[in-house]
Amino acid sequence: MPPEPVLTGLLAGWLPRQRWFAGKDREISGVSVVTATELRPALHHLVLAVEQGPVVDHYQLVIGSSRDIPERLRPGEIGLVPGSVLYDAAHDPEANALLLSRMADETHIGSLRFRHTPGVAIDTGLDSALIAGEQSNTSVIFADSYICKLFRRLSPGVNPDLEVNLALSGSEHTPAVIGWMETDSGDTLALLSEYLRTGTDGWKLAVTSARDWLCDVGSDPATAGGDFAAESERLGAATAAVHRDLAEAFGVTTQPRADLLTMVERMRAQLSEVCNEVPDLRPQAEAIASAFDDLAAMPSPLTVQRVHGDYHLGQVMRTDTGWVLLDFEGEPARTPTERKDLAHPLRDVAGMLRSFEYAARFMEAENGLESRAYAWAARNRDAFCKGYASAGGPDPAEHASLIRAFEFDKAVYEVRYEARNRPSWLHVPLRSLSHLAA
Ligand SMILES: Nc1ncnc2c1ncn2[C@@H]1O[C@H](COP(=O)(O)OP(=O)(O)O)[C@@H](O)[C@H]1O
Ligand SMILES: O=P(O)(O)O[C@H]1O[C@H](CO)[C@@H](O[C@H]2O[C@H](CO)[C@@H](O)[C@H](O)[C@H]2O)[C@H](O)[C@H]1O
């Protein structure tokens, strides 16, 4: 490893260019190494403290150094120091194989603990590949058998993704936990799960269906190729089943009025912050605020429980046996405590309803067929709600004000998310908001 000031100087330039780096909207004022653990010579696990004004976030990185690196490691190159190249070892199959072996034998190295699910024998020595895409973390697939998610921004304690997947183990709607990596104070660092080799993510399936429907001008959605409504209905039913399992595992309670008001205050605060950040949101602010007022005025208390927290079509996979829900971490921009907040289950339903809107608006932007996009979204939103209610979830049709407020809140979150992470997508939630607010 180079001297710390050289290393942290390089990292300060490299971090903001990573898709998973959460602080792209702020200048980095300092990077320091909190822990450095040698995994083998020239391969270290680092926990970094990244200072951005008053905010300090912790990130993790497995970093390799080598005199030269082969072409396949170039995408992970961090920079040059005298005599070697530093690289992000998530790109390195040998480094990944080492982490897998450490989980298999439950090693303890420095402050790192490697664990596996009791009774599971991990198949080691598998080839690995980093998955490309729009992720908040970094995931590596091991030969169609396992997927290992390396949490990038760390939070204290057990990560909700590990916590929920362990609590729901045996469910047909969540992937099996194979192993994990944590610090010796119990902060989760990585999660190894069963790889759903027959799965396709819901976003890809939905966009394919929306495209078929938008292109097939004149047809009705039920007969256009690739109708998705039956899948949306099944997804609704799977969502209700997972909500039931979450309620059983973690309990259900009645939300005190003070907590409802705090939640609405948080929604209002986010709206005002995002209106400042993205002025194009301002024309919809009045309609959004009025939905929040209706929520604050609701006479009966809400029943709350653990939920998914960042539920959308990219978080579900259709496999040969049905729908599986992934990534119970909550919204990446929320604080660790907020991510475990209890919520009404229709908050997840609203997230998925937004996602049908998203798929439709995304396709509409490509070809301008607004009324057809609307019809596709409406058909799939209705089917999802039908599946959800028929499988025992609270009927969205009977909670229109709640759904409206949750949908607006999610859409405001999305406007900020897109402005900060994918500015070329910003028009998607903005267009959909002007439709929802009309
Ligand atoms: N168990 C799994 N089997 C197959 N693919 C998976 C699995 N878990 C995640 N994926 C794929 O990886 C992507 C990112 O996973 P996710 O848990 O959402 O990570 P992130 O927190 O980085 O967003 C998913 O959209 C999906 O395509
Ligand atoms: O990284 P995560 O999956 O935890 O979630 C974040 O990124 C998502 C995009 O990758 C973002 O989702 C938004 O875009 C999706 C299409 O790419 C769409 O299906 C969702 O409905 C929409 O919210 C998510 O909001 C963000 O938290």
Side-chain angles (χ1 to χ4, degrees), residues 18-22 90 129-153 155 159-162 164-165 173-178 188 190-207 210 235 308-321 323-334 338-339 347-363 365 377 380-381 384 406-407 409-422 424-430 432-433:
Q18 305 315 302
R19 169 68 175 79
W20 43 262
F21 183 67
L130 192 66
I131 64 167
E134 299 283 313
Q135 269 88 48
S136 307
N137 296 294
T138 296
S139 293
V140 171
I141 297 168
F142 290 93
D144 273 14
S145 295
Y146 311 128
I147 178 163
C148 184
K149 173 151 77 166
L150 192 69
F151 296 105
R152 290 301 195 163
R153 188 162 53 143
S155 41
N159 185 288
D161 205 9
L162 172 63
V164 168
N165 279 303
H173 299 300
T174 51
V177 175
I178 308 293
T188 312
L191 169 61
L192 184 70
S193 308
E194 122 191 62
Y195 182 71
L196 304 166
R197 66 172 72 80
T198 64
T200 306
D201 82 63
W203 172 257
K204 279 195 197 105
L205 294 170
V207 165
L235 179 59
H308 183 283
D310 186 18
Y311 201 42
H312 60 81
L313 284 161
Q315 310 279 41
V316 291
M317 294 192 92
R318 177 66 163 99
T319 70
D320 55 344
T321 55
W323 284 101
V324 177
L325 280 59
L326 305 171
D327 197 6
F328 286 82
E329 263 201 284
E331 287 166 353
R334 307 277 179 208
E338 285 169 356
R339 285 157 173 241
R347 188 171 148 203
D348 281 347
V349 169
M352 192 54 80
L353 295 180
R354 291 276 323 118
S355 214
F356 288 117
E357 262 287 313
Y358 237 78
R361 300 290 152 197
F362 174 73
M363 285 312 301
N380 287 285
R381 287 163 58 100
F384 178 82
F406 285 149
E407 269 206 78
D409 184 49
K410 183 76 187 182
V412 172
Y413 164 87
E414 288 165 346
V415 168
R416 170 145 69 187
Y417 177 86
E418 300 301 0
R420 289 184 180 177
N421 294 285
R422 297 188 296 196
S424 64
W425 284 58
L426 181 56
H427 63 281
V428 175
L430 282 176
S432 133
L433 260 168

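Whatever order the structure lists ligands and atoms in, that order sets their numbers, starting from 1.
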>> Yes or no: does Gly199 have any heavy atom under 4.0 Å from an atom of ligand 1?
In response: no

>> Looking at Ser432 and Glu357, would you say the former's side chain and the latter's main chain have a donor-acceptor pair under 3.5 Å?
In response: no

> N/O to N/O below 3.5 Å, does that happen between Tyr195 and ligand 1?
Replying inline: no

> Hey, is ligand 2 close enough to Trp203 that some N/O pair sits below 3.5 Å?
Replying inline: no

>> Closer than 4.0 Å to some heavy atom of Ser136 - which atoms of ligand 2 meet that?
In response: 1 (O), 2 (P), 4 (O)

> If we only count N/O pairs under 3.5 Å, is Glu414 in contact with ligand 2?
Replying inline: yes

> How long is the span from the CG atom in Asp327 to the OG1 atom in Thr174, to the nearest 0.5 Å?
Replying inline: 13.0 Å

>> Residue-level breakdown please: for Glu194 versus ligand 1, do any non-hydrogen atoms fall below 4.0 Å on the side chain, on the backbone, on both, or on neither?
In response: backbone

> Atom CD1 of Ile178 and atom CZ of Phe142: how far apart are they, to the nearest 0.5 Å?
Replying inline: 12.0 Å

> How many angstroms lie between CZ in Arg339 and CD in Glu329, if you round to the nearest 0.5 Å?
Replying inline: 5.0 Å

> Any side-chain donor paired with an acceptor under 3.5 Å for Arg152 and Thr138?
Replying inline: yes

>> Show the atoms of ligand 2 that are less than 4.0 angstrom away from any heavy atom in Gln315.
In response: 3 (O), 4 (O)

> Counting heavy atoms only, which part of Asp161 comes closer than 4.0 Å to ligand 1: side chain, backbone, both or neither?
Replying inline: neither

> Against heavy atoms of Glu329, which atoms of ligand 1 measure under 4.0 Å?
Replying inline: 21 (O)

> So is there a nitrogen or oxygen of Asn137 less than 3.5 Å from a nitrogen or oxygen in ligand 1?
Replying inline: yes

>> Tell me whether ligand 2 is touched by Phe362 - counting only heavy atoms on the residue side and a distance under 4.0 Å.
In response: no

> What about Tyr417: any of its N or O atoms under 3.5 Å from an N or O on ligand 2?
Replying inline: yes

> Do you see a donor-acceptor pair shorter than 3.5 Å between the side chains of Asn159 and Thr188?
Replying inline: no

>> For Asn421, which part has a heavy atom under 4.0 Å from ligand 2: side chain, backbone, both, or neither?
In response: neither

>> With respect to Tyr358, determine whether any N or O atom, backbone or side chain, lies less than 3.5 Å from an N or O atom of ligand 2.
In response: no

> Can any side-chain N or O of Arg381 pair as donor or acceptor with the backbone N or O of Leu353 at less than 3.5 Å?
Replying inline: yes

> Does an N or O anywhere in Ser136 fall below 3.5 Å from an N or O of ligand 1?
Replying inline: yes

> Between Asp348 and Lys410, does at least one N-O distance fall below 4.0 Å, as a salt bridge requires?
Replying inline: no

> Do ligand 1 and Gly314 have nitrogen or oxygen atoms that lie under 3.5 Å from each other?
Replying inline: yes

>> If I take atom CG from residue Leu235 and atom CZ from residue Phe384, how far apart are they, to the nearest 0.5 angstrom?
In response: 5.0 Å

> Using 30° and 60° as the class limits, which term best fits the ring planes of Phe362 and Trp425: parallel, tilted or perpendicular?
Replying inline: parallel

> Heavy atom under 4.0 Å from ligand 1: found in Leu196's side chain, backbone, both, or neither?
Replying inline: both

>> List ligand 1 atoms under 4.0 Å from Gln315, heavy atoms only on the residue side.
In response: 18 (O)

>> Over 60° means perpendicular and under 30° means parallel, so tell me whether His308 and Tyr311 are parallel, tilted or perpendicular.
In response: tilted

> Does the N or O separation between Ser139 and ligand 1 drop below 3.5 Å for any pair?
Replying inline: no

>> Just to check, does Arg422 reach to within less than 4.0 Å of ligand 2 when the distance is taken from its heavy atoms?
In response: yes

> Has the side chain of Ser355 got a donor or acceptor atom that lies under 3.5 Å from a matching backbone atom of Leu313?
Replying inline: yes

>> If I apply the N/O under 3.5 Å rule, does Asp327 come out as touching ligand 1?
In response: yes

> Is there a donor-acceptor pair under 3.5 Å between the side chain of Asp201 and the backbone N or O of Met317?
Replying inline: no

>> I'd like to know whether ligand 1 has Arg197 as a neighbour, heavy-atom separation below 4.0 Å.
In response: no

>> Within this structure, what is the CG-CZ distance for the pair Asp310 and Arg347, rounded to the nearest 0.5 Å?
In response: 8.5 Å

> By number and element, which atoms of ligand 1 are closer than 4.0 Å to a non-hydrogen atom of Lys149?
Replying inline: 16 (P), 17 (O), 19 (O), 20 (P), 21 (O)

>> Regarding ligand 1, does Ser193 bring an N or O atom to under 3.5 Å of one of the ligand's N or O atoms?
In response: no

> Roughly how far, to the nearest 0.5 Å, is the CZ atom of Arg19 from the OG atom of Ser136?
Replying inline: 6.0 Å

>> If you measure every N or O of Trp425 against every N or O of ligand 2, does any of those distances drop under 3.5 Å?
In response: no

